[in-house]
A.B. asks: 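Provided herewith is a single structure, encoded as structure tokens, for subsequent inquiry.
This is a predicted model, so every value here is computed, not measured.
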Amino acid sequence: MSVATRSRSSTKPLTEPRAILGPAGNRVRVSDESKRRTEALKKPQRPKVPVSQSPKSVVQTNVSVDSCCSSDSSSSNSSFKTASSRKTVKQNGVKQAKPKVASTADEVVTEISPAMSGPLKRCDWITPFSDPLYTSFHDEEWGVPVHDDRKLFELLVFSQALAELSWPTILKKREIFRKLFDDFDPSSMAQFTEKKMLSLKVDGCLLLSEAKLRAIVENAKLILKVQQEFGSFSSYCWGFVNHKPLRNAFRYVRQVPVKTPKAEVMSKDMMRRGFCCVGPTVVYSFMQVAGIVNDHLVTCFRYQECNATVKKDIKPKIEEIERLTKDAENNCLSR
């Protein structure tokens, strides 16, 4: 065969189709291309899902969000009113914008959180079975610093009455105490006669024992003398702690003492002045209830609240006490 014949036989006609790569191999030819395109146009196509309609899990776990879809993902997140959508997520250096719904969701969480926190933790001597009046007394009065003379005298009387009555019983009869004792006005109680004292009865029985009533009337007279010397009974009582409440940090009830050296010093001084029924145990109970010492357990919610009250009110009280002390000293010098 000649060279010219070989070149003519090796040259294929231009109209012969060339095989192309298809899904099933080299079986699709150019001649079938028009038919394939027609069938492809007739076949329904699956619509593309926009980013804004993507599933929640895809949007939240997408770590390769680019600039073209970041706004879509933000709008998608805004439709999910869940706690996770409120957080600002930073993944692979991309910080997602905080949706507007966060403020509304935060308010919902704030409203729910107190209920989830559970009941308040109080001192262990307050139980779910405690008298509601006693519980309120613990939550609102016990351990709060007191500087009013009448209020201090009332709490001193109650501390003395604990030898005969319990706190719940005393609190139930509190209004009766105030009525019979002329609202614990020392100047008025100092005028009580023997007949008046023996008339302090409830349902035909004396409010307290006869000896205790005599001690209370006598103490009222001595408080008037203390007021003349120190300017106020408050100034006298708070002077034993340098006008600053003592703050203990007991965790368990067994650690709380029934008396302390400070209470013994105060007790001795009061007895030296003629006060009755003011032993160290009575005096320390008085210091606790009057807020001269904070003996709430550190696990009790009132422990920090009483400390905050002290920081807020201590300065004006000290200034008032100093003023009263100076006035008393000037009165003594003028005489």
A.B. asks: State whether the number of non-hydrogen atoms from other residues, nucleotides or ligands found under 6.0 Å of R251 atom CZ is greater than 12.
C.D. replies: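 It does not: R251 CZ has 12 such atoms or fewer within range.
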A.B. asks: Under the ring-ring contact (aromatic ring centres under 6.0 Å, His included) test, which residues partner Y303, sequence neighbours left out?
C.D. replies: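 Partners of Y303 by the ring-ring contact (aromatic ring centres under 6.0 Å, His included) criterion come out as none, since no residue qualifies.
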A.B. asks: side-chain contact (heavy atoms from CB on, under 4.5 Å), that's the test. Do L207 and I176 meet it? Break it down for me.
C.D. replies: CA-CA 9 Å; L207 188 60; I176 298 176; 4.3 Å; yes
A.B. asks: Measure from the side-chain N and O atoms of S235 to the backbone N and O of G231, and report whether any donor-acceptor pair falls under 3.5 Å.
C.D. replies: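 Such a contact is absent between S235 side chain and G231 backbone.
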A.B. asks: In the hydrophobic clustering (ILVMFWY, side-chain contacts below 4.5 Å, transitive), which residues join Y252, or is it alone?
C.D. replies: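 Under the 4.5 Å side-chain rule, Y252 groups with nothing.
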A.B. asks: Nearest 0.5 Å, what's the CG-CZ distance between L222 and R273?
C.D. replies: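 If I round to the nearest 0.5 Å, the distance is 9.5 Å.
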A.B. asks: So do V226 and E229 actually touch side chain to side chain, heavy atoms under 4.5 Å?
C.D. replies: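 When only atoms from C-beta onward are counted, V226 and E229 do not touch, as no gap falls below 4.5 Å.
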A.B. asks: Can any side-chain N or O of Q160 pair as donor or acceptor with the backbone N or O of C276 at less than 3.5 Å?
C.D. replies: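 Confirmed, Q160 side chain pairs with C276 backbone.
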A.B. asks: What's the shortest heavy-atom distance between L152 and F286, and which atoms?
C.D. replies: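 Closest pair (atom of L152, atom of F286, distance): O-CE1, 3.2 Å.
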A.B. asks: Kindly state whether the ring of F158 and the ring of F184 have centres lying under 6.0 angstrom apart.
C.D. replies: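 When the ring centroids of F158 and F184 are compared, they turn out to be within the sub-6.0 Å range.
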A.B. asks: Distance from R178 atom CZ to D183 atom CG, nearest 0.5 Å?
C.D. replies: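 Going from the CZ atom of R178 to the CG atom of D183 covers 6.5 Å.
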A.B. asks: A215 and C277: which non-hydrogen atoms are nearest, and at how many Å?
C.D. replies: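 Scanning both residues completely, I find the closest heavy atoms to be CB-SG, 3.7 Å.
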A.B. asks: Answer yes or no: is there a side-chain heavy-atom contact under 4.5 Å between L208 and I216?
C.D. replies: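 Side-chain contact under 4.5 Å: yes.
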A.B. asks: For E218, what residues pass the salt bridge (Lys or Arg N to Asp or Glu O under 4.0 Å) criterion, not counting sequence neighbours?
C.D. replies: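 Counting only residues at least two positions away or on another chain, E218 forms no salt bridge (Lys or Arg N to Asp or Glu O under 4.0 Å).
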A.B. asks: Name the orientation class of the two ring planes belonging to F137 and Y134 (parallel below 30°, tilted from 30 to 60°, perpendicular beyond 60°).
C.D. replies: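 F137 vs Y134 ring planes: parallel.
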A.B. asks: A163 and K212: which non-hydrogen atoms are nearest, and at how many Å?
C.D. replies: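 Distance-wise, the nearest heavy atoms are CB-NZ, 4.0 Å.
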A.B. asks: Is the W125 to W167 ring centre distance short of 6.0 Å?
C.D. replies: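 Centroid separation for W125 and W167: 6.0 Å or greater.
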A.B. asks: Which word best sums up how the rings of F275 and F233 line up, parallel for under 30°, tilted for 30 to 60°, or perpendicular for over 60°?
C.D. replies: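 Correct class here is parallel.
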A.B. asks: Under the criterion side-chain contact (heavy atoms from CB on, under 4.5 Å), I'd like the reasoning laid out for N307 against R247: C-alpha separation, chi angles, the key distance, then a yes or no.
C.D. replies: CA-CA 8 Å; N307 292 340; R247 182 170 57 190; 2.9 Å; yes
A.B. asks: Any chain of hydrophobic side-chain contacts (each under 4.5 Å) joining V282 to L213?
C.D. replies: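 Not linked; separate clusters.
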A.B. asks: Check whether any side-chain N or O of D269 sits under 3.5 Å from a backbone N or O of V265 as a donor-acceptor pair, and report yes or no.
C.D. replies: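 No, because the side chain of D269 does not come within donor-acceptor range (under 3.5 Å) of the backbone of V265.
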A.B. asks: Is there a side-chain contact between V283 and P280 in this structure, where contact means two heavy atoms from C-beta onward sitting under 4.5 Å apart?
C.D. replies: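 V283 vs P280: side chains apart.
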A.B. asks: Report the distance from atom NZ of K221 to atom CZ of F192, rounding to the nearest 0.5 Å.
C.D. replies: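 Taking NZ in K221 and CZ in F192, the distance rounds to 11.0 Å.
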A.B. asks: Hey, quick one: are I126 and V253 part of the same hydrophobic cluster, counting side-chain heavy atoms closer than 4.5 Å, chains of contacts allowed?
C.D. replies: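 Yes.
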A.B. asks: So how far is it from L206 CG to S199 OG, rounded to the nearest 0.5 Å?
C.D. replies: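 Reported to 0.5 Å precision, the distance equals 9.0 Å.
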A.B. asks: Step by step, work out the side-chain contact (heavy atoms from CB on, under 4.5 Å) result for D131 and K172.
C.D. replies: CA-CA 10 Å; D131 190 287; K172 289 177 181 178; 3.1 Å; yes
A.B. asks: Checking the side chain of S267 only, and the main-chain atoms of E264 only, is there a donor and an acceptor separated by less than 3.5 Å?
C.D. replies: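 The answer is no, because no donor-acceptor pair under 3.5 Å joins these two groups.
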A.B. asks: I'd like to know if the side chain of D182 reaches the main chain of D185, judged simply by a donor and an acceptor atom lying under 3.5 Å from each other, with no hydrogens or angles considered.
C.D. replies: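 No, D182 side chain to D185 backbone: no donor-acceptor pair under 3.5 Å.
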A.B. asks: Do Y284 and D295 have side chains that approach each other closer than 4.5 Å (heavy atoms only, starting at C-beta)?
C.D. replies: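 In short, these two side chains touch, coming nearer than 4.5 Å.
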A.B. asks: Step through the shown structure and confirm whether more than 12 heavy atoms of other residues, nucleotides or ligands are within 6.0 Å of NZ on K259.
C.D. replies: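 At most 12 heavy atoms, drawn from other residues, nucleotides or ligands, come within 6.0 Å of this atom.
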A.B. asks: Looking at D148 and R150, would you say the former's side chain and the latter's main chain have a donor-acceptor pair under 3.5 Å?
C.D. replies: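 Yes, the answer is positive, given that a donor and an acceptor are paired below the 3.5 Å cut-off.
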A.B. asks: Side chain of E164, backbone of S209: donor and acceptor closer than 3.5 Å?
C.D. replies: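 Confirmed, E164 side chain pairs with S209 backbone.
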A.B. asks: Is the Lys NZ or Arg CZ of K173 less than 6.0 Å from the centre of F177's six-membered ring, within 45° of the axis?
C.D. replies: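 So K173 doesn't make the cation-pi contact.
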A.B. asks: Does any N or O in the side chain of H147 come within less than 3.5 Å of the main-chain N or O of W238, such that one atom is a donor and the other an acceptor?
C.D. replies: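 Here the side-chain-to-backbone pair does not exist.
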A.B. asks: Tell me, do L246 and I292 make a side-chain contact under 4.5 Å, heavy atoms counted?
C.D. replies: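 Sidechains of I292 and L246: no contact.
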A.B. asks: Backbone N or O of C300 within a donor-acceptor pair of the R122 side chain at under 3.5 Å?
C.D. replies: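 No; zero donor-acceptor contacts below 3.5 Å.
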A.B. asks: Working to the nearest 0.5 angstrom, can you tell me the gap between L156 CG and D149 CG?
C.D. replies: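 It is 11.5 Å, given to the nearest 0.5 Å.
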A.B. asks: Following the transitive rule for hydrophobic clusters with a side-chain heavy-atom cut-off under 4.5 Å over Ile, Leu, Val, Met, Phe, Trp and Tyr, establish whether L171 and L180 coincide in one cluster.
C.D. replies: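 Result: yes, single cluster for both.
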A.B. asks: Determine, for E140 against R302, whether the closest basic-nitrogen to carboxylate-oxygen distance falls under 4.0 angstrom.
C.D. replies: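 No, this pair does not count.
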A.B. asks: Strictly below 4.0 Å, N to O, side chains only: are E210 and K201 in salt-bridge contact?
C.D. replies: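 Answer for the salt bridge query: no.
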A.B. asks: Indicate yes or no: at least one non-hydrogen side-chain atom of V298 is less than 4.5 angstrom from one of F250.
C.D. replies: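 The answer is no, as the side chains (C-beta and beyond) never meet within the 4.5 Å cut-off.
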A.B. asks: Should N294 and P245 count as side-chain neighbours, where that means a heavy-atom distance under 4.5 Å?
C.D. replies: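 N294 vs P245: side chains apart.
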A.B. asks: Can you tell me how far CG of L120 sits from CG of D139, rounded to the nearest 0.5 angstrom?
C.D. replies: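 Spacing of CG (D139) from CG (L120) equals 7.5 Å.
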A.B. asks: Do T169 and S166 pair up side chain to side chain, a donor and an acceptor below 3.5 Å, judged on atom types alone?
C.D. replies: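 Result is yes, a qualifying pair exists.
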A.B. asks: Find out whether K225 and F230 are in side-chain contact, i.e. whether some heavy atom of one side chain is under 4.5 Å from a heavy atom of the other.
C.D. replies: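 Result no, sub-4.5 Å side-chain heavy-atom pair not found.
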A.B. asks: Between the main-chain N or O of L155 and the side-chain N or O of S159, is there a donor-acceptor pair closer than 3.5 Å?
C.D. replies: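 Yes, because the side chain of S159 sits within donor-acceptor range (under 3.5 Å) of the backbone of L155.
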A.B. asks: Do L224 and M197 belong together in a cluster built from hydrophobic side chains that touch within less than 4.5 Å?
C.D. replies: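 As far as the 4.5 Å side-chain criterion goes, M197 and L224 are not connected within one cluster.
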A.B. asks: Is there a side-chain contact (heavy atoms from CB on, under 4.5 Å) between M266 and F240? Walk through the geometry before answering.
C.D. replies: CA-CA 7 Å; M266 186 175 178; F240 289 96; 3.8 Å; yes
